[in-house]
Amino acid sequence: MPLFGAAGVADMNEKYPFQDIEPKWQQFWSEQGVFTVDTSRHEKKYYCLTMFPYPSGTMHVGHGRNYIIGDAITRYKMVRGFRVLSPMGWDAFGLPAENAAKQRGVHPKEWTYNNIRQMKRQLQSWGIAYDWNREIATCHPDYYKWTQWVFLKLHERGLAYQKNAPVNWCDYCTTLANEEVLADGTCERCGRTVHKKDLTQWFFRITEYAAKLLDDLALLDKWPEKVRTMQSNWIGRSEGARVEFTVAETGAPCPVFTTRPDTIYGVTFMALAPEHPLVEKLLLGNPRAAEIRTFIEKQKMVSAAERTDDATRKEGVFTGYHVRNPYNGELAPLWITNYVLMEYGTGAVMAVPAHDQRDFDFARTYGLPVKIVIQNPEGTLQAPSMKVAYVEDGPMVQSGPFDGRGNREAMHDVIQLAVDRGFGEFTTHYRIRDWLISRQRYWGAPIPIIHCESCGAVPVPEKDLPVLLPDDVDFKTERGNPLSFHEEFIRAQCPRCGKPARRETDTLAQWLCSCWYYLRYVNPRMTDAPFSRKDVDYWLPVDQYIGGIEHAVLHLLYSRFILKVLHDNGNCSFREPFGALFTQGMICKRSEKDGQLYKMSKSKGNVVSPDELIREYGADTVRLYTLFIGPPEKDAEWNDDAVEGAFRFLRRIWRRVYETRELLLSSRELKPDLDRMDPPERDLYRKLHESIAKITHDLEGAFQFNTAIAQIMELMNALDDLKVESTSSDQRRAVYREAIESLVVLISPFAPHIAEELWVELGHQPSVLSAVWPEVNPKALARDEVEIVIQVNGKIRGREIIPTRLSPKEIESNVLARDAVKALVAGLTVRKVVVVPGKLVNIVAAG
RNA sequence: GCCCGGGUGGUGAAAUGGCAGACACAAGGGACUUAAAAUCCCUUAUCCGCAAGGGUGUGUGGGUUCGACUCCCACCCCGGGCACCA
């Protein structure tokens, strides 16, 4: 143990030398392999996972919250005797690396690995506990080989397919997300005009898992309600009916999906999406063709920004055709409109202006009829005078056999009628769409597909993985994806027929890389498989997953999807990747420019660097403040002044141990004895055990680090109240020592460096992680007397000390017999007395 | 518009339906010091009062209850997410 002197005690001085002790203990943890995990079976395992970061450069203290919370949980569980798997890695593929390459000529690989080095150094300087032997980077061939393998598994199961999809296209930057297109229709980065382009792209059939993903949310009882609700809304199940309308003039089918079949007798027109396949047929020989084409072309030109604009007016064009309503044989004009989406349902909406606001707005604009089929309870609805659609319930009218029935009650029978007559069925629709995983980018895992003229899109055989991303690409190319100009990469042989073929140049979305990384950490260096089924079945689901709320839907839903596919493929036996989820709030800071509160970010110029703070106050201070700032699930405002307070608190603990070191060492063998304590000793001893109870509760439940730390501060205040010196009685010194020693263990998950140092100072062998978490002595909590509040009619009127052993009945008579209480109720008639033992007595009295 | 959060001192916040403001930060006063820093002590929701004491107070208005920051109803404000979803 070279780090310590002969007595096992490091140099100690009055100043709290965090500059010395923090690097020392970080080195100790690393050299001793304290966080190196043996993943073989163990009686208590715990997998604590913090979302891995995108290596964007350097981190600010807002990023730190994530890792500090995860580390506090990891260290707490270790002290509680768990074997904790706490790994870290890098979500290392992504756009910023490629932008850096284009702008500054740095290779994305170099840029990424430089950032990884920076951020790893920061994590280590925070003293975060990771098993770095398990470090992974998704851009490393040993990792993305298996990301490609995941793609192949989905492909084998028919869950990966190609289809055309329109994208925002910039000639220089390739495909853009909606948010990257500015309001004026230009590219955010290079300013070129963005246009719509149809591209053949790869999709995952996540819609096939919609029902499972929705139903299994019920299993996730340790997830925040909020996240489950968001996922449920995103998947968006709606029950309804599919009904076959037909184009009256041509007999062509025109099916619709509706959640309101009860309004079907009120259809007064049919609304098609501009992209609806029927539209082309209706244009043939159509005298209105020119007008219709103009409308459709105009809709195609509408930018993403405009489409999402609230103010967009409902517009449409009449096709000249009609549809026949199979329920009543009525004809309704067929329109093409801008408010119907091809992506949802069948791309055709049966419009019922009387009972749907959007249809109502459209009908009023174009003078289409409004037919009431659900009356209000008063029976006063009249189509000409309606100002808004009537969307409430009521009796059905003008609805053939259903007249007079309640619309909700009749819903089922309406659909049943269509089933019986063969023109409709019960169906469920989901809002979620298939997942687009193609990226027209260089810095990603190549999609393992070879396009052959005769065999089509052929998957690369597993034995040929990984499909390596070439290093020598030309980033100065002015157009598109550099991979698509790399002849050597593109040239391939069809794995099926052996003829020359073309390699796919799209890469996989980085989302996919982060969908399965939690499995890889269990067997990070395995070469013949991504992970071992036996090992992941033991270590997963993740016991505690920690990350930002911004991933509530995409990352967390995609991960659940991929895991379910792997489960169905026989690769693991559990159905959900993350057993418990904790989402922390953002750290905000007031902007110096405008005084407003913003999420900490470089662009807002309100970032606080951890490096400087660690230099000035030490990592333990930054950690303690970050955890103390407020409830971890809520957003919090960073306050530089308050950091100082955390520092002062740690220094106070340090100084107290320093000032009483002789006494602490000389009392090592003493044991506190409740029966021999005097009142001040008894008070500290009680405070200690109350603190153990409170802190343990806060860490076992909802991770209330802020109140746990407040309790440690209270314990410290109580310690200051007890006078001790080397000549104090054995009992006093024993109580004092137990309180200090427990405090060091209790604070160790939050401020581990100082805890390690003081633990050794108290005469123990390192590490404090092998200490035993203090246990509550129930006898210490007991009190003989307690002060209770006396209320009269709910108002506080006095306080009385009473023995704790009294029953509620005895408390009542005891209290009422006291002079002070008699005076309070003098002249009043006592009607009722409410007794809450240990808290209060409320006397209900009237004059 | 819809969905999900949230409104408590100068600030961050705490509180199973039971003493609102624990624990801190900031501020003010004091001790120590030649001085400063550091440290320690005191005050600190608000109004009336010298004080004892009393009134008011958890976004607003109602309700339930012996008792409401907490539960119910309506409304206002702030934050986040989604959005022509049939």
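So you know, we letter chains A, B, ... as the sequences are listed, proteins then strands, and number each from 1.
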Q: With heavy atoms under 4.0 Å as the rule, sort A/Phe649 into base, sugar-phosphate or nothing.
A: nothing

Q: According to a strict under-4.0 Å criterion, is A/Arg358 in side-chain N/O contact with OP1 or OP2 of B/C85?
A: yes

Q: Taking the six-membered ring for Trp and the single ring otherwise, decide whether the centroids of A/Tyr658 and A/Tyr16 are under 6.0 Å apart.
A: no

Q: Using heavy atoms to find the nearest nucleotide of RNA chain B for A/Gly345 and A/Asp641 separately, return the residue whose nucleotide is more 5′.
A: A/Asp641

Q: Report the C-alpha distance between A/Asp221 and A/Trp223 in whole Å, list the side-chain angles of each, state the deciding distance to 0.1 Å, and finish with yes or no for side chain to side chain donor-acceptor pair (under 3.5 Å).
A: CA-CA 5 Å; A/Asp221 59 326; A/Trp223 279 39; over 6 Å; no

Q: Give me the distance, rounded to whole Å, that separates B/U56 from B/G49 when you measure between the C1' atoms they each carry.
A: 15 Å

Q: Base, sugar-phosphate or nothing for A/Leu840? Non-hydrogen atoms, less than 4.0 Å.
A: base

Q: Contact class for A/Arg797 (heavy atom, under 4.0 Å): base, sugar-phosphate, or nothing?
A: sugar-phosphate

Q: Would you call A/Glu659 and A/Arg656 a salt bridge, taking side-chain N to carboxylate O under 4.0 Å as the test?
A: no

Q: Under 4.0 angstrom, heavy atoms only, what part of the nucleic acid is A/Val844 near: base, sugar-phosphate, or nothing?
A: sugar-phosphate

Q: Using the C1' atoms only, state how far B/C73 lies from B/U64, rounded to an integer number of Å.
A: 11 Å

Q: Please report the distance, rounded to the nearest Å, between CE in A/Met270 and P in B/A86.
A: 16 Å

Q: Whole angstrom is fine here: how far is it from CD1 in A/Ile629 over to P in B/U11?
A: 16 Å

Q: When you measure from the side chain of A/Ala710, which nucleotide among B/G67, B/C85, B/C23 comes out closest?
A: B/C23

Q: Using only atom types and a distance under 3.5 Å, with no angle test, would you say the side chain of A/Thr207 pairs donor to acceptor with the backbone of A/Asp434?
A: no

Q: Tell me which nucleotide among B/A86, B/A15, B/G18 gets nearest to the side chain of A/Val340.
A: B/A86

Q: May I have the distance from A/Gln791 (atom CD) to B/G67 (atom P), rounded to whole angstrom?
A: 10 Å

Q: Judged by each residue's nearest nucleotide on RNA chain B, which is more toward the 5′ side, A/Ile709 or A/Tyr339?
A: A/Ile709

Q: Ring centres of A/Trp435 and A/Phe203 under 6.0 Å apart?
A: no

Q: Under 4.0 Å between a side-chain N/O of A/Arg651 and OP1 or OP2 of B/U39, yes or no?
A: yes

Q: Report yes if a side-chain nitrogen or oxygen of A/Arg648 is closer than 4.0 Å to either non-bridging phosphate oxygen (OP1 or OP2) of B/A26; otherwise report no.
A: yes

Q: For nucleotides 3-10 of chain B, tabulate all protein N/O to nucleotide N/O atom pairs closer than 3.5 Å, reporting atom names and distance.
A:
from: B/C3; atom 1: O2'; to: A/Asn233; atom 2: ND2; distance (Å): 2.8

Q: Taking the P atom of each, how far is B/C3 from B/G55, in whole Å?
A: 43 Å

Q: Would you state whether a donor and an acceptor, one from the side chain of A/Arg799 and one from the base of B/C19, lie under 3.5 Å apart?
A: yes

Q: Just call it for A/Val833: base, sugar-phosphate, or nothing, with non-hydrogen atoms closer than 4.0 Å on any strand.
A: nothing

Q: Using only side-chain N and O atoms of A/Asn639, determine if any of them is under 4.0 Å from OP1 or OP2 of B/A26.
A: no

Q: Take N1-N3 plus N6-O4 or O6-N4 for Watson-Crick, N1-O2 plus O6-N3 for G-U, both under 3.5 Å. Which runs of 3 or more such pairs involve RNA chain B?
A: B:1-7 with B:76-82, B:10-12 with B:23-25, B:27-31 with B:39-43, B:45-48 with B:53-56, B:59-63 with B:71-75

Q: When rounded to the nearest Å, what value does the distance between C1' atoms of B/C77 and B/U58 take?
A: 16 Å

Q: For B/A51 versus B/G7, give the span between their C1' atoms, rounded off to a whole number of Å.
A: 38 Å

Q: Do the ring centers of A/Tyr617 and A/Phe18 come within less than 6.0 Å of each other?
A: no

Q: How would you label the contact of A/Leu341 with the nucleic acid (heavy atoms, under 4.0 Å): base, sugar-phosphate, or nothing?
A: base

Q: May I ask you to check whether A/Trp335 and A/Tyr366 place their ring centers less than 6.0 Å from one another?
A: yes

Q: A/Arg652 side chain: which of B/C82, B/C40, B/C66 is closest?
A: B/C40

Q: Apply the test side chain to side chain donor-acceptor pair (under 3.5 Å) to residues A/Arg652 and A/Asn717: give CA-CA distance (whole Å), side-chain angles for both, the deciding distance (0.1 Å), then the verdict.
A: CA-CA 10 Å; A/Arg652 198 171 134 211; A/Asn717 291 344; 2.7 Å; yes

Q: Identify the residue among A/Leu213, A/Val553, A/Leu214 that makes a side-chain contact (heavy atoms from CB on, under 4.5 Å) with A/Trp234.
A: A/Val553

Q: So, do A/Tyr327 and A/Phe423 have ring centers that fall under 6.0 Å from each other?
A: yes

Q: Taking the side chain of A/Ile796 as heavy atoms from C-beta outward, which of B/C19, B/A22, B/G55 is closest to it?
A: B/C19

Q: Check every atom of B/A15, B/A14, B/A86 against the side chain of A/Gln704 and return the nucleotide holding the closest atom.
A: B/A15

Q: For A/Gly236, which contact category applies under a 4.0 Å heavy-atom criterion: base, sugar-phosphate, or nothing?
A: nothing

Q: Which whole number of Å gives the distance between the C1' atom of B/C25 and that of B/C32?
A: 24 Å

Q: Would you call A/Glu244 and A/Arg324 a salt bridge, taking side-chain N to carboxylate O under 4.0 Å as the test?
A: no

Q: Centroid separation under 6.0 Å, is that true for the rings of A/His355 and A/Phe360?
A: no

Q: Under 4.0 Å between any heavy atoms, over every strand shown, what does A/Gln711 touch: base, sugar-phosphate, or nothing? Just pick one.
A: nothing

Q: Side chain of A/Asn706 only, heavy atoms from C-beta on: which candidate in B/A86, B/A14, B/G12 is closest?
A: B/A14

Q: Compare the minimum distances between each of B/C84, B/C23, B/G12 and the side chain of A/Asn717, then state the nucleotide with the smallest one.
A: B/C23

Q: Using a 4.0 Å heavy-atom cut-off across all strands, classify A/Asp359 as base, sugar-phosphate, or nothing.
A: nothing

Q: With syn defined as a glycosidic angle within 90° of 0 and anti as the rest, where does B/G9 land?
A: syn

Q: Could you work out the separation of B/A68 and B/G57 based on their C1' atoms and round it to a whole Å?
A: 14 Å

Q: Considering only the P atoms, how many Å lie between B/G1 and B/U11, rounded to the nearest integer?
A: 31 Å

